[in-house]
Amino acid sequence: MPVNADVPGTDAAGPAPARPPRSTRLGRNLVAAIAVGVGLGAVILCALLVVRQAFIVVLAVAAAVGTWELAGALRRGAGISVPLPVLLVGGQAMVWLSWPFGLSGLAVSFAATALACLLWRMREGAAHFLRDTSAAVFTAAYVPLFVAFATLLVVPPDGVGRVLTFMLCVVASDVGGYAAGVMAGRHPMAPTISPKKSWEGFAGSQVAGMVAGALSVVLLLDGAWWLGALTGSLLVVTATLGDLIESMIKRDLGIKDMGSLLPGHGGLMDRLDSLLPAAFVSWLVLSLAVPVT
C-alpha cells in the first residue's frame, strides 16, 4: 500500500503538532517490514514463474487469511459475528471458479455466498440481522471478490505480465510515496483519516507508479508506453484510496491493525488494503488497454 510517510496532520483533537525529526518519522520497523515484503515477493515470483496457475494457490491462501482477519476485527471492534465457515468456503469458490469460468463463475459464487450468509444468520433471530448480514456480505465483497480479479489477471496466456504489471505498479507506488513523504512531506492529504499521508508522498507515488506502469506494459505486454503510464497512475489512485478505506474501517472499529501475522506490517489485511481494489482496476484497465488476443 502507498505509505506516504509520517507527516504532521490535523486530527479531530486539534492543530497539527510540530514536525518530528526524520528519524522518528519512519513509522514502522523497517528491517522487519522489508524482510517480510521481500519474502512475500519471492513467494509470488516463484508461483508466477514456475507455473503461473500456482499463483492462484497464493491468492486462495490470501483470501482465506484476509477473510479470517477481517472477521476477527469485526468481532473485536464491534461485536459483529459473521459466518466464517460460509465466507471461507464461498471465498475459495470465488477464487477457483474464476479460473475456468471467468466472470460468470465469480458472479455466481459471490451471489451464492451472499445468499448463504443471509440464510445462515436466520438461525439466530431478527435481532441485529441487518447489521450482521451486511457485515458478512461486505466481507465477501471486500476480500475474496476483489482477490478473485487477480485470478482473472493470471488466467490469460500473458497472465504473468499482467500480474507483474499490477504488482510492480502498486509496489512502486508504495516505495515512491514512502520515500517522497519521508523527505518532503508537508501537507497532509487526509488528516482525520490517515494523518501520516501527505500530498508530497502521493506525488512521489504517482511518479514511481507511472514509470513502473510504462515500463511494465511496454516490456511485459507489448503495449504503448502512454497506456502503461495511464495504468500506473490509475493504480496509484486506487491503491491510495484502498489504503484510506481500510484506515476508515480500522478507525470505525477502534483497532490499530487487522492482525499480527506479519512482523513490521500487522496482519495480512494491512498489506492487502491497497492491493484489493487495485486488482479489480488492474483487470479492468488492462483488459481495455491491452486486450487478450
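Remember, predicted model here, so these are calculated numbers, not experimental data. For the single chain, residues carry numbers from 1 onward in sequence order.
If you chain together hydrophobic residues whose side chains sit under 4.5 Å apart, Val154 and Leu164 fall into the same group. The hydrophobic cluster containing Leu272 also contains Leu253, counting ILVMFWY residues as joined when their side-chain heavy atoms lie under 4.5 angstrom apart, directly or transitively. Hydrophobic cluster membership is shared by Met167 and Val57, with clusters built from Ile, Leu, Val, Met, Phe, Trp and Tyr side chains linked at under 4.5 angstrom. Following chains of ILVMFWY side-chain contacts shorter than 4.5 Å, one cannot reach Trp120 starting from Met94, and the two form parts of different hydrophobic clusters. Follow the hydrophobic side-chain contacts under 4.5 Å out from Leu227 and you never reach Val285; the two are in separate clusters.
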Donor-acceptor pairs under 3.5 Å, side chain of residues 132-143 to any protein atom, not counting sequence neighbours: which ones?
residue : atom : partner : partner atom : Å
Asp132  : OD2  : Arg121  : NE           : 2.9
Asp132  : OD2  : Arg121  : NH2          : 3.2
Thr133  : OG1  : Phe129  : O            : 2.7
Thr133  : OG1  : Leu130  : O            : 3.3
Ser134  : OG   : Leu130  : O            : 2.7
Thr139  : OG1  : Ala135  : O            : 2.8
Tyr142  : OH   : Glu246  : OE1          : 3.3

Would you be so kind as to tabulate the donor-acceptor pairs closer than 3.5 Å made by side chains of residues 155-162, with sequence neighbours excluded?
residue : atom : partner : partner atom : Å
Asp158  : OD1  : Arg162  : NE           : 2.9
Asp158  : OD2  : Arg162  : NE           : 3.2
Asp158  : OD2  : Arg162  : NH2          : 3.3
Arg162  : NH1  : Leu286  : O            : 3.4
Arg162  : NH1  : Val290  : O            : 3.3
Arg162  : NH2  : Val290  : O            : 2.4

Residues 209-225 side chain polar contacts: donor-acceptor under 3.5 Å, at least two apart:
residue : atom : partner : partner atom : Å
Ser216  : OG   : Ala212  : O            : 2.7

**Message:** Determine whether Met189 and Thr240 satisfy the following criterion, side-chain contact (heavy atoms from CB on, under 4.5 Å), listing intermediate values before the conclusion.
**Reply:** CA-CA 10 Å; Met189 174 184 286; Thr240 302; 4.0 Å; yes
**Message:** Determine whether Asp174 and Arg271 satisfy the following criterion, salt bridge (charged side-chain N to carboxylate O under 4.0 Å, His left out), listing intermediate values before the conclusion.
**Reply:** CA-CA 11 Å; Asp174 191 347; Arg271 297 308 302 156; 3.0 Å; yes
**Request:** Any chance you could lay out the side-chain contact (heavy atoms from CB on, under 4.5 Å) test for Gln53 and Trp99, step after step, and finish with the verdict?
**Result:** CA-CA 9 Å; Gln53 287 84 357; Trp99 178 7; 3.2 Å; yes
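For the side-chain hydrogen bond (donor to acceptor under 3.5 Å, both in side chains) test, residues two or more places apart in sequence or in another chain that qualify with Trp96 are Gln92. In terms of the side-chain contact (heavy atoms from CB on, under 4.5 Å) criterion, residue partners of Ala93 (sequence neighbours excluded) are, by chain and number, Leu97, Ser109. The ring pair (Phe, Tyr, Trp, His ring centres under 6.0 Å) test applied to Trp283 returns Phe149, not counting sequence neighbours.
The two residues Val170 and Ala278 come nearest to each other via the heavy atoms CG2-CB, 4.0 Å. Nearest heavy atom pair, residue Ile249 against residue Met258, reads CG2-CE, 3.8 Å. Across every non-hydrogen atom of Pro195 and Pro188, the tightest pair is O-CB, 4.4 Å. The minimum heavy-atom distance between Ala150 and Ala279, with the atom names listed, is N-CB, 4.1 Å. Gly201 approaches Ser198 most closely through the heavy-atom pair N-OG, 2.9 Å. The shortest heavy-atom contact between Ala73 and Ile255 is CB-CD1, 3.6 Å.
Between the CG atom of Leu268 and the CH2 atom of Trp68 there is a distance of 10.5 Å, given to the nearest 0.5 Å. The structure places CG of Leu115 at 4.5 Å from CG of Leu119, a figure rounded to the nearest 0.5 Å. Between the CE atom in Met122 and the SG atom in Cys117 there is a gap of 13.5 Å [rounded to 0.5 Å]. A distance of 7.0 Å separates CZ of Arg251 from OG1 of Thr192, quoted to the nearest 0.5 Å. Note that NE2 of His187 is 11.5 Å distant from CH2 of Trp199, once rounded to the nearest 0.5 Å. Note: Ile56 CD1 to Leu153 CG = 11.0 Å, rounded to the nearest 0.5 Å.
Between Ser282 and Leu235, some side-chain heavy-atom pair lies under the 4.5 Å cut-off. The side-chain heavy atoms of Phe166 and Leu275, taken from C-beta on, include a pair separated by under 4.5 Å. You'll find the side chain of Phe280 stays beyond 4.5 Å of the side chain of Thr238, heavy atoms only. Residues Arg75 and Ile80 form no side-chain contact, since every pair of their non-hydrogen atoms from C-beta on lies 4.5 Å or further apart. Residues Leu234 and Thr231 fail the side-chain proximity criterion, which asks for heavy atoms closer than 4.5 Å.
A donor-acceptor pair is defined here as one N or O able to donate and one able to accept, closer than 3.5 Å; such a pair exists between the side chain of Ser205 and the backbone of Ser173. With hydrogens and angles disregarded, no donor-acceptor distance shorter than 3.5 Å links the side chain of Asp243 to the backbone of Ser274. Distance alone, capped at 3.5 Å, places no donor-acceptor pair between the Glu200 side chain and the Ala180 backbone.
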